[in-house]
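Worksheet for the structure shown next.
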Protein chains: 2
Amino acid sequence: MELRQLKYFLKAKELLNFTEAAAALYISQSTLSQQIKQLEDELQVPLFNRIGKRITLTEAGDLFAVYAQQSINKAADGLELLKDLNNLETGKVAIGVTYALRHVVIKALILFSSEYPKIQFEIIFGTSQELIQKLNHFQLDVILTFEEIASEAHFKYLELFTSPMALVTSSETSLKNKKTISLEEISTLPLAMPAGGFSTTQFISKAFEKSNLYPKITIEINDIPTLLELIKTGKWHTILTKTTIENEKDLHAIPIKGKNMTRTAMLISLKEVYEKKAVTAFLKILIANLK
Amino acid sequence: MELRQLKYFLKAKELLNFTEAAAALYISQSTLSQQIKQLEDELQVPLFNRIGKRITLTEAGDLFAVYAQQSINKAADGLELLKDLNNLETGKVAIGVTYALRHVVIKALILFSSEYPKIQFEIIFGTSQELIQKLNHFQLDVILTFEEIASEAHFKYLELFTSPMALVTSSETSLKNKKTISLEEISTLPLAMPAGGFSTTQFISKAFEKSNLYPKITIEINDIPTLLELIKTGKWHTILTKTTIENEKDLHAIPIKGKNMTRTAMLISLKEVYEKKAVTAFLKILIANLK
DNA sequence: AAAATCAATCGACAAAACCGATTTAGAAAT
DNA sequence: ATTTCTAAATCGGTTTTGTCGATTGATTTT
């Protein structure tokens with residue numbers, strides 16, 4: 001039993017005339033005759049009565065037609081769904097982001113959703129390690145984070161932009177007028193830092209080590225919005241990429257002096273996995289609206 | 001898109017391993033690989049991610065699988081239904097009967113239903129002409145009546161038994177002891193007869209004509225049970241086949257003298273129409289229980 | 001580094017889908 | 001009744017395609 005045969009059968013049932021049905025199906029009458037016969041053989045019951053040159057449906061044919069039609073419909077529905085998927089009328093996108101790049105995703109998300117309102121999103125915030133693990137388990141389509149120390153062969157990387165590391169302070173700070181600041185100066189200030197899992201923290205720790213400096217980290221916290229609240233009190237300072245506080249009015253970023261004191265934002269995805277149409281479209285919008 | 005390909009796809013989806021799936025399907029790995037590829041080409045979207053030697057489902061594959069399964073299920077359901085039809089677990093039978101043969105059908109119906117309780121029946125009483133017309137319009141599977149004057153080529157006839165024409169009277173009749181009776185004697189009696197549409201009435205009218213006799217028909221009625229009620233009063237007599245009053249205790253049948261004063265009960269069906277399994281089985285029981 | 005595993009690909013073959021022509025037989029027209 | 005017309009079945013031959021075995025290329029395991 002094949003869908004082809006079911007389609008032939010239904011057309012013959014509709015027209016109750018093999019010759020016409022064959023014409024409507026763009027096949028020869030002999031082919032139709034043979035295919036119907038083959039189907040009947042498989043079903044072990046005639047679908048049509050052959051009364052002289054006329055044909056009528058048998059009880060079996062009548063009952064079977066319902067299922068034949070449903071079978072065809074289901075297959076057609078599946079095809080239709082995939083078309084929708086290609087036209088971005090359906091589908092789910094899962095994106096991982098490090099908090100620092102929050103505003104980049106939010107902006108793209110708003111733009112994308114107004115154009116393709118039917119696509120569902122799952123936005124996962126987490127540390128780079130957490131996100132990479134999820135990517136490897138096919139739980140995310142793409143992640144947005146800063147460059148990794150070790151790059152992996154089965155990942156596809158796309159650089160987005162670079163952002164300087166910066167001392168982040170309250171807007172009311174005495175450091176306000178400084179254009180840049182050195183690690184040494186920072187090491188005298190009271191710091192509140194993101195927890196160890198955050199790649200920025202790891203990055204800056206290494207920088208302090210190299211310079212033989214010991215920063216005064218009095219608070220470690222794994223929630224960035226809370227961290228920013230603390231900084232706004234003016235009692236602590238922190239170190240983040242400048243882009244992290246893009247839209248924060250009450251905070252001020254002073255770039256840090258020295259080589260390599262920048263980080264590169266990247267898109268990371270799995271190399272050999274089919275990229276969903278919706279993901280491709282989303283990333284296109286994201287990249288086009290970076291500045 | 002063919003059911004074959006959908007089955008292949010689902011097995012591959014289930015095992016996530018083309019080699020094993022091919023083995024489970026009793027086809028070669030190369031065939032499976034090609035058929036999946038062909039399906040993907042038609043759907044214009046990959047169903048699997050090929051990550052090195054491993055495969056995983058794509059979003060499209062995941063979504064499509066639901067419909068593929070449903071399509072296959074519907075086809076299988078259709079097949080299942082036809083099997084039930086063959087096993088007499090489902091199906092409808094429409095039978096036409098002339099009233100005279102009522103008891104034959106009732107008996108068979110009771111026996112058949114206890115053996116195959118799921119088969120539905122439609123029992124249509126009517127005159128021979130009415131029933132034959134319905135048979136020609138495929139509204140009946142088979143009819144049970146007396147032999148027709150004109151036999152038609154596209155009918156299949158099966159003789160069941162013969163029954164003498166008889167004068168039917170109340171049991172309380174003075175004619176009680178007669179073994180037979182002549183048309184001439186009958187023509188002196190007050191008669192209530194079935195209406196002209198009934199074949200028995202037509203048959204007996206011709207017999208009177210031939211003998212140049214004029215029966216005293218005072219009532220014509222097109223409902224046999226009512227006719228029988230009238231006869232039971234003893235005020236009228238009627239002429240029917242003896243078999244008509246098989247189970248009537250208060251009535252008495254006196255066979256009519258003369259040649260050809262018998263009628264033959266017959267099964268009539270359409271020659272070239274597939275006979276439903278249920279009909280075949282029903283007729284077998286009917287024939288086996290005639291006496 | 002070697003062996004094993006797995007999907008993709010290639011060429012060959014067989015099955016089957018398909019067609020055109022013919023046959024058969026019922027229906028319609030003469 | 002006879003002829004004509006029409007529709008389904010059937011027959012051979014052609015083309016398509018489903019299938020296989022062998023091989024390749026790439027990845028994982030040993």
Side-chain angles (χ1 to χ4, degrees), chain A residues 1-43 46-58 61 136 138 152-156 270-274, chain B residues 1-43 46-58 61 136-138 151-156 270-274:
Chain A
M1 199 189 329
E2 293 298 341
L3 289 176
R4 172 173 34 78
Q5 295 170 320
L6 299 184
K7 281 172 199 158
Y8 290 179
F9 162 60
L10 289 179
K11 183 55 81 177
K13 183 212 148 182
E14 180 191 336
L15 300 177
L16 284 179
N17 178 317
F18 280 15
T19 304
E20 284 178 31
L25 293 163
Y26 302 105
I27 58 172
S28 72
Q29 173 263 318
S30 91
T31 297
L32 180 63
S33 193
Q34 290 177 62
Q35 288 292 306
I36 295 285
K37 185 184 162 73
Q38 189 175 318
L39 183 58
E40 289 177 326
D41 285 350
E42 184 177 348
L43 300 176
L47 298 170
F48 294 99
N49 291 304
R50 277 75 164 176
I51 307 170
K53 55 195 283 185
R54 228 172 57 257
I55 56 173
T56 61
L57 260 194
T58 59
N136 270 325
F138 308 107
E152 295 188 44
H154 62 290
F155 285 154
K156 220 168 46 183
L270 288 168
K271 222 179 217 168
E272 293 162 290
V273 171
Y274 173 76
Chain B
M1 199 188 330
E2 294 298 343
L3 289 177
R4 172 174 33 77
Q5 295 169 321
L6 299 184
K7 282 173 199 156
Y8 290 179
F9 162 59
L10 289 179
K11 182 57 81 176
K13 183 213 147 181
E14 179 191 335
L15 300 177
L16 285 179
N17 178 318
F18 281 13
T19 305
E20 283 177 32
L25 292 162
Y26 302 105
I27 59 172
S28 73
Q29 173 263 317
S30 95
T31 297
L32 179 63
S33 192
Q34 289 178 61
Q35 289 292 306
I36 295 285
K37 184 183 163 74
Q38 188 174 318
L39 183 59
E40 289 177 326
D41 286 349
E42 184 177 348
L43 301 177
L47 298 170
F48 294 98
N49 291 304
R50 277 74 166 177
I51 307 169
K53 54 193 281 185
R54 226 168 58 255
I55 56 173
T56 60
L57 261 195
T58 59
N136 271 325
H137 286 75
F138 309 107
S151 78
E152 295 188 44
H154 62 289
F155 285 155
K156 219 169 45 184
L270 288 167
K271 223 179 214 167
E272 293 161 289
V273 171
Y274 173 77

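In what follows, chains carry the letters A, B, and so on, assigned in the order in which the sequence lines appear, proteins first and then strands, with residues in each chain numbered from 1.
Atom CG of B/Leu25 sits about 11.5 Å away from atom CD of B/Glu20, to the nearest 0.5 Å. Within the model, atoms CG of B/Leu16 and CD1 of B/Ile55 stand 5.5 Å from one another, a figure rounded to the nearest 0.5 Å. To the nearest 0.5 Å, atoms CG (B/Leu10) and CG (B/Leu6) are separated by 7.0 Å. Note that the CZ atom of A/Arg50 and the CD1 atom of A/Ile36 stand 7.5 Å from one another [nearest 0.5 Å].
For DNA chain D, the span of nucleotides reached by chain B at under 4.0 Å from its heavy atoms goes, 5' to 3', from D/dG18 to D/dT28.
Judged by distance alone, the side chain of A/Glu2 and the main-chain N or O of B/Glu2 form no donor-acceptor pair under 3.5 Å. A side-chain donor-acceptor contact under 3.5 Å links A/Glu40 to the backbone of A/Leu47.
DNA chain C is contacted by both B/Ser30 and A/Thr31; B/Ser30 maps to the nucleotide lying nearer its 5′ end (nearest heavy atom per residue).
As a whole-Å value, the separation of A/Leu25 CG from C/dA17 P is 15 Å. In this structure, the CD1 atom of B/Ile36 is 17 Å from the P atom of C/dC6, given to the nearest Å. One can place CG of A/Leu32 at 10 Å from P of C/dC18, the figure rounded to the nearest angstrom. One atom, CD of A/Gln34, and another, C1' of C/dG20, lie 12 Å apart when rounded to the nearest Å. Atom-to-atom, CD1 of A/Ile55 to C1' of C/dA27 comes out at 16 Å; the value is rounded to the nearest Å.
B/Arg54 comes within contact range of no nucleotide atom at all, as no heavy-atom separation falls under 4.0 Å. A/Gln38 comes within 4.0 angstrom of sugar-phosphate atoms only, judged by non-hydrogen atoms across all strands, and of no base. B/Tyr26 comes within 4.0 angstrom of sugar-phosphate atoms only, judged by non-hydrogen atoms across all strands, and of no base. The residue B/Gln35 sits close only to the backbone: its heavy atoms come under 4.0 Å of sugar-phosphate atoms, none of a base.
Side-chain N/O atoms of B/Gln29 and base N/O atoms of C/dA8 include a donor-acceptor pair closer than 3.5 Å.
Residues B/Phe48 and B/Thr56 fail the side-chain proximity criterion, which asks for heavy atoms closer than 4.5 Å. Here the side chains of A/Phe138 and B/Asn49 are not in contact, with every heavy-atom distance at 4.5 Å or above.
Under the 4.0 Å criterion applied to side-chain N and carboxylate O atoms, B/Glu14 and B/Lys11 are assigned as salt-bridge partners.
Residues from residues 5-19 of chain B with heavy atoms under 4.0 angstrom of DNA chain D, sorted by number: B/Tyr8.
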